[in-house]
Amino acid sequence: QVQLVESGGGLAQPGGSLRLSCAASGSIFSRNVMGWYRQVPGKQRELVALIVSGGFTQYADSVKGRFAISRGDGENTIYLQMNQLKPEDTAVYYCYTNPPTSWGQGTQVTVSS
């Protein structure tokens with residue numbers, strides 16, 4: 001079992017930046033996928049960004065060029081640098097990993113003036 005703990009959410013103005021962190025602990029596989037999803041009320045959870053062991057990354061079209069996902073030196077922590085934030089980025093952001101499929105508790109990001 002893997003535990004994921006997110007931090008770094010909060011309130012930002014349009015055009016501003018936030019950085020999310022996710023620390024994994026427990027039965028972590030040496031080769032895995034980690035990433036971020038987000039969800040707003042009444043909508044399905046959607047992919048934001050993924051990073052695979054070895055460094056391959058994937059982004060949703062809506063965040064390409066604005067968000068950057070990276071791993072920490074120990075490989076069990078990931079970050080999501082969010083720049084040029086827009087009101088439509090407002091959501092609860094969830095950390096994700098597989099295998100085994102695990103989710104964090106979520107952190108709220110609100111973009112508003």
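- Side-chain contact between Ser112 and Pro87 is absent, with no heavy-atom pair separated by less than 4.5 Å.
- In the model, Gln105 has a side-chain atom that pairs as donor or acceptor with a side-chain atom of Glu6 under 3.5 Å.
- Taking CH2 of Trp103 as the reference point, atom CG of Asn98 lies at 9.5 Å (rounded to 0.5 Å).
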Given Phe29 and Thr97, is the side chain to side chain contact (heavy atoms under 4.5 Å, CB included) satisfied, shown in steps?
CA-CA 10 Å; Phe29 282 63; Thr97 190; over 6 Å; no

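- Across every non-hydrogen atom of Gln84 and Gly65, the tightest pair is NE2-O, 4.0 Å.
- Tracing side-chain contacts under 4.5 Å through hydrophobic residues (I, L, V, M, F, W, Y), one never reaches Leu4 starting from Tyr94; they form parts of separate clusters.
- The distance from the OG atom of Ser70 to the CD1 atom of Ile51 is 6.5 Å, given to the nearest 0.5 Å.
- Remark: of the listed residues Gln108, Gln39, Arg38, Arg38 is the sole one forming a side-chain hydrogen bond (donor to acceptor under 3.5 Å, both in side chains) with Tyr93.
- Using a distance-only test at 3.5 Å, with no hydrogens or angles considered, a donor-acceptor pair links the side chain of Thr90 to the main chain of Val111.
- Here Leu47 contributes atom CG and Ser62 contributes atom OG; the two are 9.0 Å apart, rounded to the nearest 0.5 Å.
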As a quick check of understanding, evaluate side chain to side chain contact (heavy atoms under 4.5 Å, CB included) for Val92 and Val109, giving each step before the final call.
CA-CA 6 Å; Val92 178; Val109 171; over 6 Å; no

Run the side chain to side chain contact (heavy atoms under 4.5 Å, CB included) test on Lys86 and Val63 for me, step by step, so that the C-alpha distance in whole Å, both residues' side-chain angles and the decisive distance to 0.1 Å come before the verdict.
CA-CA 10 Å; Lys86 303 176 180 180; Val63 307; over 6 Å; no

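- Nearest heavy-atom pair across Ala12 and Ser17 is CB-O, 4.4 Å.
- Note on Val48 and Leu85: same hydrophobic cluster, where clusters join Ile, Leu, Val, Met, Phe, Trp and Tyr whose side-chain heavy atoms are under 4.5 Å apart, directly or indirectly.
- Using cut-offs of 30° and 60° on the angle between ring planes, the pair Tyr96 and Tyr37 is perpendicular.
- Between Asp61 and Lys64, at least one side-chain nitrogen of the basic residue sits less than 4.0 Å from a carboxylate oxygen of the acidic one, meeting the salt-bridge criterion.
- In terms of heavy atoms, Gly8 sits closest to Leu18 at O-CD2, 4.2 Å.
- Judged by the 6.0 Å distance and 45° axis criteria, Arg71 is not positioned over the aromatic ring of Tyr79.
- Side-chain heavy atoms closer than 4.5 Å link hydrophobic residues (I, L, V, M, F, W, Y) into clusters, and following such links, even through other members, never connects Ile78 to Leu50.
- Residue Gln1 places its CD atom among 12 or fewer non-hydrogen atoms of other residues, nucleotides or ligands, all under 6.0 Å distant.
- Here the shortest heavy-atom pairing between Tyr59 and Ala68 reads OH-CA, 3.4 Å.
- Residues Phe56 and Ile69 are members of separate hydrophobic clusters, defined by side-chain heavy-atom contacts under 4.5 angstrom among Ile, Leu, Val, Met, Phe, Trp and Tyr.
- In this structure, the side chains of Leu80 and Arg19 stay at 4.5 Å or more apart for every pair of heavy atoms.
- Nearest heavy atoms, Val2 versus Ser27: CG2-O, 3.3 Å.
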Please lay out, stage by stage, how Val52 and Gln58 fare under the test side chain to side chain contact (heavy atoms under 4.5 Å, CB included).
CA-CA 9 Å; Val52 180; Gln58 179 182 345; over 6 Å; no

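- Looking at every heavy atom in both residues, Gly26 comes nearest to Gln3 through CA-OE1, 3.7 Å.
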